[in-house]
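The next block holds one structure in the form of structure tokens; read it before the comments.
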Amino acid sequence: LEKNILENIQCTFVGNGPLKKKFSNKIRKYNFIKLVNFKSRRELIKIYSQHNILLFPSKYDGWGVVPMEAMSSKMALIISKNCGIVEYLNNKKNAFIVEPNSKDISKAIRYYFYNPSKINIHGENNLKLIEKSLMNSKNSSKIFFSIINKLSSTKK
């Protein structure tokens with residue numbers, strides 16, 4: 001990435017995976033990157049609220065709870081095409097869907113850097129998608145209880 005981008009972004013990596021030590025040694029020279037240990041859901045929500053974009057470049061992720069949490073926090077997404085939740089996303093409408101490689105990730109970062117209004121638009125679109133979706137626990141519980149009520153009324 002170009003120097004003007006690197007000087008104007010802040011990245012926070014969260015987790016304790018097996019590559020943490022190797023990763024932390026490589027990023028020491030970059031003052032725009034912060035590495036923090038695994039966080040509880042409550043702590044993650046605070047981190048989400050301090051950032052605008054979630055970078056989720058998984059080589060494989062069956063669904064992707066982290067992207068859903070980020071969407072609930074009005075974040076735009078840079079997300080691997082290998083994450084199951086991309087079936088619900090639209091490239092450049094609420095996310096930038098990428099191959100999990102540095103070339104595509106850099107392109108997505110540049111896209112958001114040079115189109116900052118898209119970050120808010122995509123974040124708003126993501127929040128609306130989560131609010132209307134069955135991924136939202138309030139919506140899924142309403143449907144569940146509706147089915148239970150119908151079943152119990154037919155047994156009488």
Side-chain angles (χ1 to χ4, degrees), residues 1 5-102 104-144:
L1 290 171
I5 294 175
L6 296 176
E7 290 174 346
N8 290 289
I9 62 173
Q10 176 64 45
C11 300
T12 302
F13 288 85
V14 180
N16 294 340
L19 298 176
K20 182 181 178 183
K21 185 175 181 177
K22 183 178 180 181
F23 183 75
S24 64
N25 289 334
K26 287 188 177 218
I27 66 165
R28 283 196 179 130
K29 62 184 175 179
Y30 301 108
N31 55 358
F32 67 92
I33 299 175
K34 186 168 124 180
L35 183 60
V36 297
N37 288 328
F38 176 83
K39 299 292 180 191
S40 70
R41 187 175 190 290
R42 179 170 281 153
E43 293 168 312
L44 278 175
I45 290 170
K46 185 177 179 182
I47 291 171
Y48 294 147
S49 72
Q50 297 167 347
H51 295 78
N52 300 317
I53 302 168
L54 174 76
L55 172 58
F56 198 75
S58 291
K59 290 185 178 182
Y60 172 79
D61 198 305
W63 181 244
V65 172
V66 171
M68 291 187 327
E69 292 172 343
M71 292 168 72
S72 295
S73 295
K74 260 172 57 171
M75 294 179 77
L77 305 175
I78 298 173
I79 189 167
S80 164
K81 70 174 192 118
N82 299 329
C83 185
I85 196 171
V86 297
E87 293 178 14
Y88 291 92
L89 303 174
N90 291 308
N91 195 33
K92 296 187 182 172
K93 182 177 179 192
N94 56 347
F96 203 104
I97 301 169
V98 298
E99 293 283 342
N101 62 53
S102 58
D104 282 8
I105 292 167
S106 295
K107 181 179 176 182
I109 292 170
R110 281 187 195 94
Y111 173 82
Y112 281 128
F113 185 80
Y114 292 112
N115 299 283
S117 65
K118 294 293 186 182
I119 296 168
N120 291 331
I121 292 167
H122 291 185
E124 289 285 340
N125 289 344
N126 283 332
L127 180 60
K128 288 175 188 173
L129 182 64
I130 289 292
E131 286 175 339
K132 293 177 183 177
S133 171
L134 285 178
M135 293 181 276
N136 180 320
S137 59
K138 290 178 186 175
N139 294 342
S140 59
S141 63
K142 282 181 190 176
I143 291 172
F144 174 76

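What you see is a predicted model, and the numbers here were worked out from it, not measured in a lab.
Summarising the local packing, CZ of Phe38 is surrounded by 12 or fewer heavy atoms from other residues, nucleotides or ligands at distances under 6.0 Å. Around the OH atom of Tyr114, the shell of radius 6.0 Å holds more than 12 heavy atoms that belong to other residues, nucleotides or ligands. Enclosure of atom NZ in Lys142 is not indicated, since only 12 or fewer non-hydrogen atoms of other residues, nucleotides or ligands lie within 6.0 angstrom.
The CZ atom of Phe32 sits 9.0 Å away from the CD1 atom of Ile27 when rounded to the nearest 0.5 Å. Between the CG atom of Leu35 and the CG atom of Asn25 there is a distance of 10.5 Å, given to the nearest 0.5 Å. In this structure, CZ on Phe96 lies 7.5 Å from OH on Tyr112, to the nearest 0.5 angstrom. Here the CD1-CD distance, from Ile119 to Glu124, works out to 13.0 Å after rounding to the nearest 0.5 Å. A distance of 8.0 Å separates CZ in Arg42 from CD1 in Ile45, rounded to the nearest 0.5 Å. Of the inter-residue distances, the one linking Leu55 atom CG with Ile105 atom CD1 reads 5.5 Å to the nearest 0.5 angstrom.
By the side-chain hydrogen bond (donor to acceptor under 3.5 Å, both in side chains) test, Asn31 pairs with no residue at all, sequence neighbours left out. Judged as a side-chain hydrogen bond (donor to acceptor under 3.5 Å, both in side chains), and not counting sequence neighbours, Ser133 has no contacts. In this view, Phe144 satisfies the ring pair (Phe, Tyr, Trp, His ring centres under 6.0 Å) rule with no residue, not counting sequence neighbours. Among residues two or more places apart in sequence or in another chain, the side-chain hydrogen bond (donor to acceptor under 3.5 Å, both in side chains) test is passed with Lys118 by none.
Closest approach of Leu6 and Leu1 over heavy atoms only: CD1-O, 3.6 Å. Ser24 approaches Lys21 most closely through the heavy-atom pair OG-O, 2.9 Å. For the pair Ser72 and Ile130, the tightest heavy-atom approach, listed with the atom from each and the gap, is OG-CG2, 3.3 Å. Closest approach of His51 to Gln10, counting heavy atoms only: CD2-O, 4.0 Å. What you find for Ile79 and Ala95 is that their closest heavy atoms are CG2-CB, 4.2 Å. Heavy atoms only, all atoms of each residue included: Leu54 and Pro67 are closest at CD2-CA, 3.6 Å.
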For residues 56-66, run the donor-acceptor check on the side chains, cut-off 3.5 Å, and write out each pair with its distance to 0.1 Å, sequence neighbours left out.
unit_1, atom_1, unit_2, atom_2, d
Asp61, OD1, Trp63, N, 3.3
Asp61, OD1, Gly64, N, 3.1

With a 3.5 Å cut-off and sequence neighbours excluded, list the donor-acceptor pairs that the side chains of residues 85-94 form with protein atoms.
unit_1, atom_1, unit_2, atom_2, d
Asn91, OD1, Ile97, N, 2.8
Asn94, OD1, Asn90, N, 2.9
Asn94, ND2, Asn126, OD1, 3.0

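Judged by distance alone, with hydrogens and angles left aside, the side-chain atoms of Asp104 form no donor-acceptor pair with the main-chain N or O of Val98 at under 3.5 Å. Within the 3.5 Å criterion, the main-chain N or O of Asn82 finds a donor-acceptor partner in the side chain of Ser80.
Relative orientation of the Tyr111 and His122 rings is parallel, given thresholds of 30° and 60° on the angle between their planes.
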**Request:** List the steps, then state whether side-chain contact (heavy atoms from CB on, under 4.5 Å) holds for Asn125 with Leu129.
**Result:** CA-CA 6 Å; Asn125 289 344; Leu129 182 64; over 6 Å; no

